[in-house]
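These notes concern the structure reproduced below.
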Amino acid sequence: MIEARHLRVLRAVAATGSFSAAGRELGCTQPAVSQQMKALETSVGTPLLVRGGREMRLTQAGEALVRHAAGILAGLTAAEEEVAAIAGLRAGRVRLVSFPSGTSTLVPTALAALRAAHPGTRVSLEEAEPPRSVELLREGDCDLALAFRYQGAPATEEWDDLVVRWLLTDRLVALVPERHRLAGAEAVAIGELAGEPWIAGCPRCRGQLVQVCEGAGFTPRIDFATDDYPAVVGLVGAGLGVAVLPQLAVESVRPRGVRVVRLEPAVRREIVALTLPDLAQVPAVAATLEQLGRAAARG
């Protein structure tokens with residue numbers, strides 16, 4: 001019989017590459033890790049690791065078991081949470097991962113409402129952009145991921161195995177210095193900014209910017225690139241260039257010295273909340289999904 005604690009140890013060993021590093025990650029000793037790995041290998045009846053000097057690698061069986069471990073552990077977590085909630089033994093727990101502009105706009109409203117309705121529910125928050133946030137969800141390192149993808153962009157990832165809760169459609173807008181020649185325009189075609197220096201945002205938004213510009217017949221000259229949205233706004237406000245950001249990102253900062261202009265033709269991204277099918281049945285996760293939906297509707 002395979003035990004969940006042994007699977008957690010195997011994942012830690014596979015991720016860190018050694019018993020001692022896995023022990024530090026799990027908060028136990030190196031001999032304890034070694035003992036649990038031996039017990040797991042006895043349970044499955046085949047070696048899972050090849051040990052040679054300082055190097056340690058997974059056998060084919062070990063790779064297969066690690067591949068299945070995330071789904072197994074997610075299912076066990078879902079079972080534990082649902083049983084505990086039904087039995088009334090303890091409140092729910094949700095590990096949430098969000099991208100920065102979602103963290104500063106949707107997440108505070110949702111979590112405040114969740115706390116008011118379910119004061120015993122604990123939510124931890126970590127920031128990550130997709131596709132990393134989606135990887136964390138599939139790897140079993142979070143319960144809920146706030147993510148986005150651009151409409152019309154080539155499909156770089158599939159969400160068919162996940163529960164997808166659509167939240168809102170976010171439109172890109174252009175940012176220009178307040179004394180820019182287009183500062184008074186109601187709308188601007190991205191081609192009108194072809195000769196400008198650019199300030200680019202996060203890597204995924206940066207890739208989308210290049211794709212949209214190339215679709216308009218030019219390659220943007222990116223002078224500055226930063227993942228920090230207030231920094232993008234500050235650089236534009238200082239007259240150092242122009243930028244294109246999601247509306248949600250602009251709402252999360254105070255755009256001083258900047259004019260926000262509608263971009264035509266429209267470029268949009270879909271904001272969604274993602275979870276695993278098993279975890280969607282956990283009351284605390286379902287309640288968090290519901291509050292995220294309400295926060296998006298109010299926005």
Next on the checklist: As a quick check of understanding, evaluate side-chain contact (heavy atoms from CB on, under 4.5 Å) for Asp143 and Leu96, giving each step before the final call.
Outcome noted: CA-CA 6 Å; Asp143 306 308; Leu96 173 64; over 6 Å; no
Next on the checklist: Could you go through Val173 and Val261, starting from their C-alpha distance and side-chain angles, then the distance that decides it, and tell me whether this counts as side-chain contact (heavy atoms from CB on, under 4.5 Å)?
Outcome noted: CA-CA 6 Å; Val173 293; Val261 185; over 6 Å; no
Next on the checklist: Assess the residue pair Val13 and Val33 against the criterion (side-chain contact (heavy atoms from CB on, under 4.5 Å)); give the C-alpha distance rounded to whole Å, side-chain angles, the decisive distance to 0.1 Å, and a yes or no.
Outcome noted: CA-CA 8 Å; Val13 171; Val33 171; 3.8 Å; yes
Next on the checklist: Evaluate Arg93 against Val123 for side-chain contact (heavy atoms from CB on, under 4.5 Å), listing each step before the verdict.
Outcome noted: CA-CA 6 Å; Arg93 173 182 60 86; Val123 180; over 6 Å; no
Checklist entry - Can Asp141 and Arg132 be said to form a salt bridge (Lys or Arg N to Asp or Glu O under 4.0 Å), step by step? => result CA-CA 11 Å; Asp141 293 322; Arg132 179 55 188 154; 5.3 Å; no
Item to check | Worked verdict on Arg171 versus Glu264 for salt bridge (Lys or Arg N to Asp or Glu O under 4.0 Å) | outcome: CA-CA 10 Å; Arg171 180 170 177 156; Glu264 296 290 357; 2.9 Å; yes
Item to check | Working for salt bridge (Lys or Arg N to Asp or Glu O under 4.0 Å), residues Glu290 and Arg294 | outcome: CA-CA 6 Å; Glu290 180 63 25; Arg294 292 181 180 180; 3.3 Å; yes
Item to check | Working for salt bridge (Lys or Arg N to Asp or Glu O under 4.0 Å), residues Arg268 and Glu270 | outcome: CA-CA 7 Å; Arg268 299 180 176 91; Glu270 292 182 333; over 6 Å; no
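The closest donor-acceptor contact from the side chain of Asp278 to the backbone of Ala78 lies at 3.5 Å or more, if one exists at all. Using a distance-only test at 3.5 Å, with no hydrogens or angles considered, a donor-acceptor pair links the side chain of Arg11 to the main chain of Glu139. A donor-acceptor pair under 3.5 Å is absent between the side-chain atoms of Thr16 and the main chain of Ala21, judged by distance alone.
Summarising the geometry of Cys142 relative to Val97, their closest heavy-atom pair is CB-CG2, 3.6 Å, with the distance given to 0.1 Å. When every heavy atom of Ala70 is checked against every heavy atom of Gly140, the shortest pair comes out as CB-N, 4.3 Å. In terms of heavy atoms, Gln30 sits closest to Ser20 at CG-N, 3.7 Å. Heavy atoms only, all atoms of each residue included: Ala280 and Val163 are closest at CB-CG2, 3.9 Å. In plain terms, the two heavy atoms of Val232 and Gly201 that are nearest each other are CG2-CA, 4.4 Å. When all heavy atoms of Pro108 and Thr103 are compared, the closest pair comes out as CD-O, 2.9 Å.
The side-chain heavy atoms of His180 and Arg259, taken from C-beta on, include no pair separated by under 4.5 Å. Side-chain contact check for Glu196 versus Arg221: every heavy-atom pair is 4.5 Å or farther apart. Between Tyr150 and Pro246 there is a side-chain heavy-atom pair separated by less than 4.5 Å. Inter-residue side-chain proximity for Ser98 and Leu125 is flagged as met; some heavy-atom pair is nearer than 4.5 Å. Between Leu49 and Met37, the closest side-chain pair of non-hydrogen atoms falls below 4.5 Å. With contacts defined as side-chain heavy-atom distances shorter than 4.5 Å, the pair Val134/Leu274 qualifies. Between Leu58 and Leu48 the shortest side-chain heavy-atom distance does not fall below 4.5 Å. In this structure, the side chains of Leu292 and Leu167 come closer than 4.5 Å at one or more pairs of heavy atoms.
Taking CD of Gln208 as the start and CZ of Arg149 as the end, the distance is 13.0 Å to the nearest 0.5 Å. Rounding to the nearest 0.5 Å places CD of Glu192 at 10.0 Å from CG of Leu263. With values rounded to the nearest 0.5 angstrom, Leu10 atom CG is found 13.5 Å from Arg5 atom CZ. If you take SG on Cys205 and CG on Leu172, they are separated by 7.5 Å, rounding to the nearest 0.5 Å. How far CZ of Arg8 is from CG of Leu73: 5.0 Å, rounded to the nearest 0.5 Å.
In this structure, Leu136 is not a member of the same hydrophobic cluster as Leu276, with clusters built from ILVMFWY side-chain heavy atoms closer than 4.5 Å. When the side chains of ILVMFWY residues are joined at heavy-atom separations under 4.5 Å, either directly or via intervening members, Val250 and Leu106 end up in two distinct hydrophobic clusters. Each of Leu182 and Val233 belongs to its own hydrophobic cluster when Ile, Leu, Val, Met, Phe, Trp and Tyr are linked at side-chain heavy-atom distances under 4.5 angstrom. A chain of hydrophobic side-chain contacts below 4.5 Å, direct or via other Ile, Leu, Val, Met, Phe, Trp or Tyr residues, connects Val244 to Val242. Under a hydrophobic-cluster definition in which Ile, Leu, Val, Met, Phe, Trp and Tyr are linked whenever side-chain heavy atoms come within less than 4.5 Å, directly or via other members, Leu144 and Val282 are assigned to the same cluster.
Geometrically, Arg206 does not engage Trp198 in a cation-pi contact defined by less than 6.0 Å to the ring centre and at most 45° from the axis. The side-chain tip of Arg204 does not point at the ring of Phe99 from less than 6.0 angstrom away and within 45° of straight on.
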